[in-house]
Asks: 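Sharing a structure here in structure tokens format.
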Amino acid sequence: MSDRTPPAGDRADTGYTDRTDTDHTDRPALAAAAAEVPDLAPWLARRATVRQFDTDAEIPDDEVRAMVDAGRKAPTSGTTQMYSFVWIRDPDRRERIHELCSRGTVQVEEASHFLLVCVDVRRIRLLLAHRDREFRTTPAMGLLEGSIDASLAAMGVMLAAESRGYGVCPIGNILNNLTDVAATADLPAGVLPIFGLCLGAPRHGEAAENAPRVPLDTVLHEGGYRDPTAAQLDACYDAMNEMYGDSVYGDDRREWQETLERYWGPNGFMNRREGELLDALRQQGFFAARGIDEPADADELDADSDAPDPDADRNSGGAA
């Protein structure tokens with residue numbers, strides 16, 4: 001059984017109506033009496049990110065809480081729920097975060113609401129301390145498990161928002177200056193923002209961004225992973241080049257390899273962000289159990305096994 005499962009109490013409320021009147025004695029979840037879940041596949045196939053928001057539209061606070069509450073029921077690793085959403089309400093902070101995104105993401109300021117989606121191991125530390133139990137941060141697993149949990153929960157929030165007619169726009173550009181974003185939001189040790197999430201009403205009605213994807217047979221590997229063939233690689237480029245032209249991505253002269261290189265080339269975004277991520281992990285205390293400089297001596301690590309006070313390295317701005 002997967003460890004990313006909702007608590008049993010929540011599963012009891014999410015049964016699925018049998019549409020064929022078959023007696024599913026071997027699949028009791030399908031035989032449970034509950035409201036029928038609609039087929040979301042066609043709707044998901046045409047969903048789109050919203051990049052232009054109606055600045056006069058508002059989403060009531062109770063709706064935001066309801067949408068986050070829906071996302072909170074996402075699967076989680078070992079019931080730990082290693083995520084938090086930090087609701088940035090102050091316009092000056094939102095403007096500053098937009099600046100730290102290297103501009104170009106005006107949605108941060110124009111959307112009705114802006115959330116920072118965060119990995120949160122701090123709450124785990126505090127929960128264990130509350131029961132006199134020990135905690136030790138593991139930076140790699142903390143980042144990996146927390147990112148999975150946070151992303152699943154955020155997708156639930158996004159789907160809840162879109163099902164109500166609102167638009168959403170994830171903001172990955174906070175990674176450009178992650179240490180300063182964390183400081184601007186006054187995030188304590190153990191809390192690391194991984195992307196932003198804009199919620200609002202689409203400026204032009206229903207979202208309709210031209211957002212193709214690579215072919216299914218290049219992401220679904222039946223029976224085992226296989227490298228794509230040359231023909232499949234060409235098909236990927238043919239599919240993704242359709243997004244250029246009348247879209248937010250540029251004109252007909254652009255091709256997808258330029259975008260890939262801009263992100264993953266030697267001087268691309270991902271390589272430039274690598275050092276920033278490591279700085280942010282240090283600043284936010286993810287290496288605290290090892291010391292800020294990550295000592296390699298095992299004896300030194302063992303000698304300093306006590307978990308630091310949660311507030312001892314609360315950042316006040318800038319990289320540590």
Side-chain angles (χ1 to χ4, degrees), residues 49-72 74 81-123 146-147 149-162 164 166-203 273 276-277 279-281 283-286 311 314-319:
T49 295
V50 170
R51 300 177 191 274
Q52 294 181 317
F53 290 96
D54 183 348
T55 56
D56 294 325
E58 295 183 0
I59 301 177
D61 287 0
D62 61 345
E63 281 205 70
V64 175
R65 292 186 172 90
M67 292 183 289
V68 173
D69 189 34
R72 192 173 57 86
Q81 302 158 76
M82 297 170 55
Y83 61 85
S84 282
F85 296 91
V86 178
W87 195 349
I88 306 297
R89 310 296 298 267
D90 178 49
D92 290 338
R93 284 192 175 186
R94 288 173 63 165
E95 181 181 10
R96 175 57 178 156
I97 290 172
H98 181 198
E99 292 173 354
L100 293 171
C101 289
S102 304
R103 308 298 291 183
T105 52
V106 70
Q107 302 92 342
V108 173
E109 296 187 64
E110 291 186 346
S112 299
H113 298 279
F114 179 70
L115 308 175
L116 283 177
V117 182
C118 302
V119 172
D120 187 354
V121 299
R122 180 183 181 85
R123 187 170 62 245
S147 295
D149 271 14
S151 297
L152 289 171
M155 193 67 202
V157 176
M158 292 167 61
L159 294 178
E162 291 173 330
R164 296 182 177 211
Y166 298 122
V168 300
C169 183
I171 302 293
N173 277 3
I174 69 165
L175 300 176
N176 291 343
N177 290 287
L178 196 52
T179 53
D180 288 336
V181 169
T184 298
D186 194 27
L187 300 181
V191 181
L192 179 78
I194 54 174
F195 60 93
L197 185 57
C198 301
L199 305 172
R203 186 185 302 172
R273 289 169 174 174
E276 181 67 20
L277 172 60
D279 287 345
L281 286 167
Q283 173 182 284
Q284 298 306 115
F286 278 66
D311 290 314
R314 186 183 182 97
N315 71 70
S316 57

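Counting from 1, the numbers follow the sequence of the chain as shown.
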Asks: For the side chain of R51 and the backbone of Q107, is there at least one donor-acceptor N/O pair under 3.5 Å apart?
Replies: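 Answer holds: no.
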
Asks: Under the rule for salt bridge (Lys or Arg N to Asp or Glu O under 4.0 Å), what residues qualify as partners of E276, not counting sequence neighbours?
Replies: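 Listed in chain order: nothing, the list is empty.
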
Asks: Can any side-chain N or O of R123 pair as donor or acceptor with the backbone N or O of Q81 at less than 3.5 Å?
Replies: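 Such a contact is found between R123 side chain and Q81 backbone.
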
Asks: side-chain contact (heavy atoms from CB on, under 4.5 Å) with D92: which residues, sequence neighbours excluded?
Replies: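 In terms of side-chain contact (heavy atoms from CB on, under 4.5 Å), with neighbours along the sequence ignored, D92 is linked to D90, E95.
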
Asks: Can you tell me if R203 uses its side chain to pair, donor with acceptor, with the backbone of D54 under 3.5 Å?
Replies: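 Not a single qualifying donor-acceptor pair exists.
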
Asks: Measure across E63 and I59 and return the closest heavy-atom pair with its distance rounded to 0.1 Å.
Replies: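 Closest approach of E63 to I59, heavy atoms only: CB-CG2, 3.9 Å.
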
Asks: When rounded to the nearest 0.5 angstrom, what is the spacing between CG in L178 and CG in L281?
Replies: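 Output value for this atom pair is 8.0 Å.
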
Asks: To the nearest 0.5 angstrom, please state how far the CE atom of M67 sits from the CG atom of D62.
Replies: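 CG of D62 is found 9.0 Å from CE of M67.
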
Asks: Looking only at heavy atoms, which two atoms of G167 and V50 are closest? And how far apart?
Replies: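 Looking at all heavy atoms of both residues, the shortest contact is CA-CG2, 3.5 Å.
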
Asks: For R94, enumerate each residue passing the side chain to side chain donor-acceptor pair (under 3.5 Å) test, keeping only those at least two apart in sequence or located in another chain.
Replies: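 Result, side chain to side chain donor-acceptor pair (under 3.5 Å) vs R94: none returned.
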
Asks: Who are the side-chain contact (heavy atoms from CB on, under 4.5 Å) partners of R65, not counting sequence neighbours?
Replies: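 Scan of R65 (side-chain contact (heavy atoms from CB on, under 4.5 Å), adjacent residues dropped) gives D61, W87.
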
Asks: What is the distance from atom CG of L192 to atom OG of S84, rounded to the nearest 0.5 Å?
Replies: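 L192 CG to S84 OG: 12.0 Å, rounded to 0.5 Å.
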
Asks: Taking side chain to side chain donor-acceptor pair (under 3.5 Å) as the test, write out the residues that go with N173, two or more places apart.
Replies: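 So N173 forms a side chain to side chain donor-acceptor pair (under 3.5 Å) with R273.
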
Asks: Please round to the nearest 0.5 Å and tell me the distance separating atom OG1 of T184 and atom CG of D186.
Replies: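 Nearest 0.5 Å value for the OG1-CG distance: 9.5 Å.
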
Asks: Considering all heavy atoms of both residues, which atom of A182 and which atom of P193 are nearest to each other, and what is their separation?
Replies: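 The answer is CB-CD, 4.1 Å.
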
Asks: What donor-acceptor contacts under 3.5 angstrom involve side-chain atoms of residues 194-201, with partners at least two apart or in another chain?
Replies:
none

Asks: Mind checking ring-ring contact (aromatic ring centres under 6.0 Å, His included) for F114 and listing every partner two or more places apart, or none if nothing turns up?
Replies: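 If we apply the ring-ring contact (aromatic ring centres under 6.0 Å, His included) test to F114, skipping adjacent residues, there are no hits.
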
Asks: Go through the structure and list residues passing side-chain contact (heavy atoms from CB on, under 4.5 Å) with D69, not counting sequence neighbours.
Replies: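 By the side-chain contact (heavy atoms from CB on, under 4.5 Å) rule, D69 matches R72.
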
Asks: With a cut-off of 3.5 Å and sequence neighbours excluded, list every side-chain donor-acceptor pair involving residues 153-162.
Replies:
| residue | atom | partner | partner atom | Å |
| --- | --- | --- | --- | --- |
| E162 | OE1 | R47 | NE | 3.1 |
| E162 | OE2 | R47 | NE | 3.1 |
| E162 | OE2 | R47 | NH2 | 2.6 |

Asks: Going by the rule side chain to side chain donor-acceptor pair (under 3.5 Å), which residues pair with E109 if we only count those two or more places apart in sequence or in a different chain?
Replies: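 Applying side chain to side chain donor-acceptor pair (under 3.5 Å) to E109 gives H98.
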
Asks: Out of curiosity, L100 CG to L175 CG, how far, rounded to the nearest 0.5 Å?
Replies: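 One finds 12.0 Å between CG of L100 and CG of L175.
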
Asks: I need the minimum non-hydrogen distance between L187 and Q284, along with the two atoms involved.
Replies: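 Where L187 meets Q284 most closely, the heavy atoms are O-NE2, 3.2 Å.
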
Asks: Donor-acceptor pair, distance only, cut-off 3.5 Å: does the side chain of S112 make one with the backbone of A57?
Replies: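 A pair under 3.5 Å: yes.
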
Asks: Over all heavy atoms of both residues, which pair between I171 and C101 is shortest? Give the atoms and the distance, please.
Replies: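 Nearest pair, atom of I171 first, then C101: CG2-SG, 3.9 Å.
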
Asks: Which residues pass the ring-ring contact (aromatic ring centres under 6.0 Å, His included) test with F85, sequence neighbours left out?
Replies: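 Checked F85 against ring-ring contact (aromatic ring centres under 6.0 Å, His included); matches are Y83.
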
Asks: Tell me, please, which residues at least two apart from A66 pass side-chain contact (heavy atoms from CB on, under 4.5 Å).
Replies: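 If we apply the side-chain contact (heavy atoms from CB on, under 4.5 Å) test to A66, skipping adjacent residues, the hits are R164.
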
Asks: So how far is it from H113 NE2 to I88 CD1, rounded to the nearest 0.5 Å?
Replies: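 One gets 13.0 Å once the value is rounded to the nearest 0.5 Å.
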
Asks: For L116 and A185, which heavy atoms make the closest approach, and how far apart are they?
Replies: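 Nearest pair, atom of L116 first, then A185: CD1-CB, 3.6 Å.
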
